[in-house]
Enquirer: 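Dropping a structure here in structure tokens format, bear with me for questions.
FYI, the numbering just counts along the sequence from 1. Read the numbers this way: they start at 1 and go in the same order the structure lists the ligands and their atoms.
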Amino acid sequence: MKTYIITGGAGFIGANFVKYMLATYHDVQLIVLDALTYAGNLGTIVHDVDGKCCIFVKGDICDSSLVTGLFEKYPVEVVVNFAAESHVDRSIENPRLFLETNILGTQNLMDVARKFWAVGKDDKGYPTWKEGVRFHQVSTDEVYGSLGATGYFTETTPLDPRSPYSASKTSADLIVKAYMETYKFPATITRCSNNYGPYHFPEKLIPLIIKNILEGKKLPVYGDGKNVRDWLYVEDHCKAIDQVVRFGRAGEVYNVGGHNEKQNIEIVKLTIDTIRHLMETEPAYRKVLKTDLSNISYDLITYVKDRLGHDQRYAIDPTKMKNELNWAPETSFETGIVKTIRWYLENQNWVDEVTSGDYQKYYEKMYSNR
Ligand code: NAD
Ligand code: DAU
């Protein structure tokens with residue numbers, strides 16, 4: 001039995017990771033540590049799959065005594081750090097919170113793990129580590145900055161973050177890398193492109209667009225809509241992380257991407273087309289519509305003021321994941337987007353629950369000056 005702490009397991013990717021791990025393994029104990037910010041919700045936590053359960057602990061990754069208590073209570077061998085402030089637009093409004101959680105939270109988790117995992121020293125004075133332990137940092141392609149019309153991010157592309165969010169994630173990566181060098185700390189980092197799929201909080205492009213279409217609201221497209229993102233179905237990302245945690249080399253960075261570049265406007269149009277098609281061919285879905293079917297058209301698209309410092313294009317080269325760990329995305333975008341839209345149509349209760357707090361206030365503020 002291997003015991004994992006999964007931070008941020010009540011958020012989008014963390015919850016999908018918990019679900020994947022419970023469905024795949026019988027010999028893992030999963031402890032979800034999550035502060036339940038606006039992005040983490042009780043309805044998002046995957047408590048059990050096929051009778052297998054996770055343990056949920058509400059708390060902050062910056063809280064040293066709380067994390068220490070978890071290491072004292074459980075034989076933790078793996079930490080997978082998903083917990084973060086993750087939304088670029090919010091980082092432009094309030095950078096400080098991003099620095100606290102994303103940088104200091106990561107450092108705190110590593111410091112506690114160091115204390116519990118070090119078993120001695122080698123002849124040069126480097127710590128030696130308990131067999132089988134691993135810290136995994138879930139990072140992002142945004143640390144590499146922005147691409148022009150051509151080229152891909154590889155693991156050796158210079159770091160060039162441009163938003164407070166990506167600067168905080170880059171800083172966390174640098175702290176992890178510093179611990180790898182200074183203490184030979186057994187850690188890995190993955191840098192992934194844009195995920196989509198179930199449990200994605202409806203402030204991010206795809207779930208926001210789905211929500212607005214169903215309500216007949218305007219679809220805000222930043223700038224000219226031609227910025228490019230490289231989309232990956234969330235389950236493929238979870239499989240990649242699992243491969244890296246189990247078989248990746250400590251001290252390494254791995255890029256994870258879907259080879260699926262799309263302009264934002266293409267995504268918005270495809271989402272409109274897909275929802276319309278599903279409503280026409282499967283009328284049972286119409287019960288979730290809060291608008292007339294005839295309103296679901298490109299007329300909803302509204303070009304709004306651009307995001308400050310908006311990165312133009314991201315595209316990942318995942319060759320290292322393929323060559324070293326035999327990982328490749330399994331879900332095509334065409335399949336993944338339909339699965340995702342169906343999930344939202346069938347889980348409107350979840351959408352209502354996660355948007356019941358301050359969401360409406362956030363939404364109005366965010367879009368009122370665009
Ligand atoms: P999310 O915002 O949906 O979830 C983040 C979770 O972290 C939430 O459950 C929140 O409650 C929790 N959290 C926030 N601050 C915390 C704290 N101080 N202590 C404990 N828990 C806290 O984010 P996501 O989209 O699931 O992203 C997860 C990770 O993956 C992040 O580190 C993000 O940078 C990275 N990432 C995301 C994407 C993407 O497309 N979503 C792509 C690449 C990398
Ligand atoms: O690339 C990985 C990153 O992807 C992750 O590290 C981040 O945590 C994650 O949030 C995501 O960042 P983006 O900024 O790319 O995602 P977002 O969904 O916010 O925006 C996707 C694109 O759509 C981006 O070019 C901005 C644009 N957009 C977004 C929103 C919310 C719009 O045009 N309209 C919108 O309303």
Enquirer: Report yes or no: does Gly9 have a heavy atom closer than 4.0 Å to ligand 1?
Expert: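 Distance cut 4.0 Å: Gly9 fails for ligand 1.
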Enquirer: Measure the distances from the heavy atoms of Ala15 to every atom of ligand 1 and state whether one is below 4.0 angstrom.
Expert: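 No, that is not the case, since the closest heavy atom of the residue is not under 4.0 Å from the ligand.
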Enquirer: Please examine the side chains of Lys204 and Phe12, heavy atoms only from C-beta on, and report whether any two atoms are closer than 4.5 Å.
Expert: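 In short, these two side chains do not touch, never coming nearer than 4.5 Å.
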Enquirer: Can Lys239 be said to sit on top of Tyr20's aromatic six-ring, NZ or CZ under 6.0 Å from centre and within 45° of the ring axis?
Expert: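 No cation-pi geometry.
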Enquirer: Between Asp141 and ligand 1, which residue portion shows a heavy-atom distance shorter than 4.0 Å: side chain, backbone, both, or neither?
Expert: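 For Asp141, no heavy atom sits under 4.0 Å from ligand 1.
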Enquirer: Answer yes if the side chains of Tyr152 and Asp230 hold a donor-acceptor pair under 3.5 Å, and no otherwise.
Expert: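 Looking only at side-chain atoms, Asp230 and Tyr152 do not form any donor-acceptor pair under 3.5 Å.
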Enquirer: Under 6.0 Å from the ring centre and within 45 degrees of the ring axis: does the NZ or CZ of Arg90 meet both conditions for the six-membered ring of Tyr362?
Expert: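 Yes, Arg90 and Tyr362 form such a contact.
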Enquirer: Is it true that Lys169 lies under 4.0 Å from ligand 2, counting heavy atoms only?
Expert: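 It does not, in that no heavy atom of Lys169 comes within the 4.0 Å cut-off of ligand 2.
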Enquirer: May I ask you to check if ligand 2 and Pro220 share an N or O to N or O distance below 3.5 Å?
Expert: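 By distance alone, the answer is yes.
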Enquirer: Looking at the rings of Tyr126 and Tyr183, which for Trp means the six-membered one, are their centres under 6.0 Å apart?
Expert: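 No, the ring of Tyr126 stays outside the 6.0 Å limit from the ring of Tyr183, centre to centre.
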Enquirer: Looking only at protein heavy atoms, which one is nearest to atom 3 (O) of ligand 1, and what is the separation?
Expert: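 Result for atom 3 (O) of ligand 1: Phe12 N, 3.1 Å.
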Enquirer: Does any N/O atom on Ala83 come nearer than 3.5 Å to any N/O atom on ligand 1?
Expert: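 For ligand 1, there is no N or O atom that lies under 3.5 Å from one belonging to Ala83.
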Enquirer: Specify the closest pair of heavy atoms between Lys177 and Ile189, including all atoms of both residues, with the distance to one decimal.
Expert: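 Looking at all heavy atoms of both residues, the closest pair is CG-CD1, 3.9 Å.
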Enquirer: Taking the inter-plane angle between the rings of Phe116 and Phe71 on a 0 to 90° scale, is it parallel (under 30°), tilted (30 to 60°) or perpendicular (over 60°)?
Expert: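 Ring orientation of Phe116 relative to Phe71: tilted.
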Enquirer: Return yes when Ala10 approaches ligand 1 closer than 4.0 angstrom through a heavy atom, no otherwise.
Expert: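 Heavy atoms of Ala10 do come under 4.0 Å of ligand 1.
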Enquirer: Could you list which atoms of ligand 2 come closer than 4.0 Å to a heavy atom of Asp141?
Expert: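 So the atoms of ligand 2 that pass are 1 (O), 2 (C).
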Enquirer: Closer than 4.0 Å to some heavy atom of Tyr367 - which atoms of ligand 2 meet that?
Expert: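 Checking each atom against Tyr367, I get 31 (C), 35 (C), 36 (O).
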